[in-house]
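Letters go in sequence order (proteins before strands), and every chain restarts at 1.
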2 protein chains.
Amino acid sequence: MFDAACPSAASPFRIADKWGGMVVLCLEAGPRRFTELRVPLQRIAPKVLTETLRSLERDGFITRTVFDENPPHVEYELTPLGRSLLPAIAACREWGFANLDAMRAARERYDGDGAEAA
Amino acid sequence: MFDAACPSAASPFRIADKWGGMVVLCLEAGPRRFTELRVPLQRIAPKVLTETLRSLERDGFITRTVFDENPPHVEYELTPLGRSLLPAIAACREWGFANLDAMRAARERYDGDGAEAA
DNA sequence: CAGTATCCTCAGCGATACTG
DNA sequence: CAGTATCGCTGAGGATACTG
């Protein structure tokens with residue numbers, strides 16, 4: 001159980017990084033271009049978006065298609081494997097919608113106790 | 001969409017850290033003691049396990065019960081909120097069982113292409 | 001047994017500037 | 001437009017030793 005060879009363990013897909021899941025969601029509705037992805041993900045630096053996309057491409061979750069035009073045109077699209085992530089992501093999001101408030105409350109309670117004591 | 005106030009976004013619960021999910025799974029079958037958790041999670045340093053447990057406790061996922069004995073005896077147990085994570089974790093694990101091989105294959109293909117070119 | 005204390009490393013994330 | 005190049009920081013994660 002949980003040996004080093006078992007990345008599937010519990011969070012098999014923290015989809016690599018902080019942004020991976022969001023990018024997948026952004027691509028759910030169809031192909032998107034580099035700059036289009038930067039709109040919903042305003043806080044992301046271009047370098048980081050590149051890294052994220054490369055990582056997702058490496059894992060076979062997305063494809064990168066270059067149109068030989070000027071100005072350059074590149075599209076990212078989910079593969080079937082990438083789409084297979086959506087149900088699991090949905091399960092996580094549903095948990096969030098249902099329980100995030102409770103979690104936040106627990107957190108305030110915990111932090112509160114610590115603060116009072118001091 | 002995806003503003004800073006929306007941690008629920010995609011991976012609402014990378015359950016905090018690398019080990020959080022595994023610890024929750026270890027507690028699924030019932031309460032466990034500190035050292036008992038270190039058995040399946042051999043690679044975890046005591047400091048890190050402590051941090052992980054504190055974090056889970058803070059979020060209301062587990063309770064920490066101290067039995068005033070000698071030698072000391074402490075038990076960690078899932079709360080209902082903690083148990084609510086299990087379905088989402090299960091969804092992630094199922095994805096892993098179903099698709100991890102495909103992902104690994106994609107990764108090797110990708111890395112292979114890069115290596116050949118060099 | 002159940003932790004703390006201390007120190008360390010590295011990689012993820014980020015900001016900014018530049019380019020084919 | 002779609003990136004790369006460079007630099008820097010922070011903090012999660014880890015190894016080891018010690019303690020009530």
Nearest-nucleotide pick for Val74(B), side chain only, options being dC1(D), dG3(C), dG3(D): dG3(C)
Per-nucleotide protein contact string for nucleotides 15-20 of chain C, where B marks a base within reach and S marks sugar-phosphate only (heavy atoms under 4.0 Å, - for neither): B----B
Closest to side chain of Arg64(B), choosing from dG3(C), dA2(C), dA2(D): dG3(C)
Closest non-hydrogen atom pair between Pro40(B) and Cys26(B), with its separation: CG-SG, 3.8 Å
pair Thr50(B)-Phe34(B): side-chain heavy atoms closer than 4.5 Å: yes
Heavy-atom check, side chain of Ile89(A) versus side chain of Glu28(A), under 4.5 Å: no
Interatomic distance, Leu37(A) CG vs dC1(D) C1' [rounded to whole Å]: 13 Å
Touch class at under 4.0 angstrom, heavy-atom based, for Tyr76(B) against every strand present: sugar-phosphate
Residue Lys18(B), side-chain atoms from C-beta onward, closest of dG14(D), dA2(C), dG14(C): dG14(D)
Whole angstrom value for the distance that separates P of dG14(C) from CG of Leu49(A): 11 Å
Criterion side-chain contact (heavy atoms from CB on, under 4.5 Å) on Leu53(B) and Leu37(B), from CA distance to verdict: CA-CA 10 Å; Leu53(B) 290 168; Leu37(B) 288 170; 3.9 Å; yes
Selection from dG14(D), dG3(D), dA2(C) that lies nearest to any side-chain heavy atom of Val48(B): dG14(D)
Between P of dC1(D) and CD of Glu36(A), the distance in whole Å: 10 Å
Rounded distance (nearest 0.5 Å) linking atom OG1 of Thr52(B) with atom CD1 of Ile62(B): 9.0 Å
side-chain contact (heavy atoms from CB on, under 4.5 Å) assessment of Trp19(A) paired with Leu49(A): CA-CA 8 Å; Trp19(A) 299 98; Leu49(A) 180 54; over 6 Å; no
Check: Arg33(A) and Phe67(A) side chains under 4.5 Å, non-hydrogen atoms: no
Under 4.0 angstrom between Trp19(B) side-chain N/O and dG14(D) OP1 or OP2: yes
Geometric class of the Trp95(A)/Phe61(B) ring pair [parallel <30°, tilted 30-60°, perpendicular >60°]: perpendicular
Nearest-Å distance for atom pair CD/P, residues Glu51(A) and dC7(D): 16 Å
Base-paired stems that DNA chain C participates in, counting runs of 3 or more Watson-Crick or G-U pairs under 3.5 Å: C:1-20 with D:1-20
Between dG3(D) (C1') and Glu75(A) (CD): distance, integer Å: 16 Å
Interatomic distance, Leu53(B) CG vs dG3(C) P [rounded to whole Å]: 8 Å
dA2(C) OP1/OP2 closer than 4.0 Å to side-chain N/O of Arg54(B): no
Residue pair Leu25(A), Arg93(A): steps toward the side-chain contact (heavy atoms from CB on, under 4.5 Å) verdict: CA-CA 11 Å; Leu25(A) 279 182; Arg93(A) 300 184 72 205; 3.8 Å; yes
Gap between atoms CG and C1', on Leu41(A) and dA2(D) respectively (whole Å): 16 Å
Integer-rounded Å distance: dG3(C) P and Arg38(B) CZ: 11 Å
Touch class at under 4.0 angstrom, heavy-atom based, for Thr35(B) against every strand present: sugar-phosphate
Charged N-O contact under 4.0 Å between Glu51(A) and Lys47(A): yes
Distance test, side-chain N/O of Arg33(B) to OP1/OP2 of dA2(C), below 4.0 Å: yes
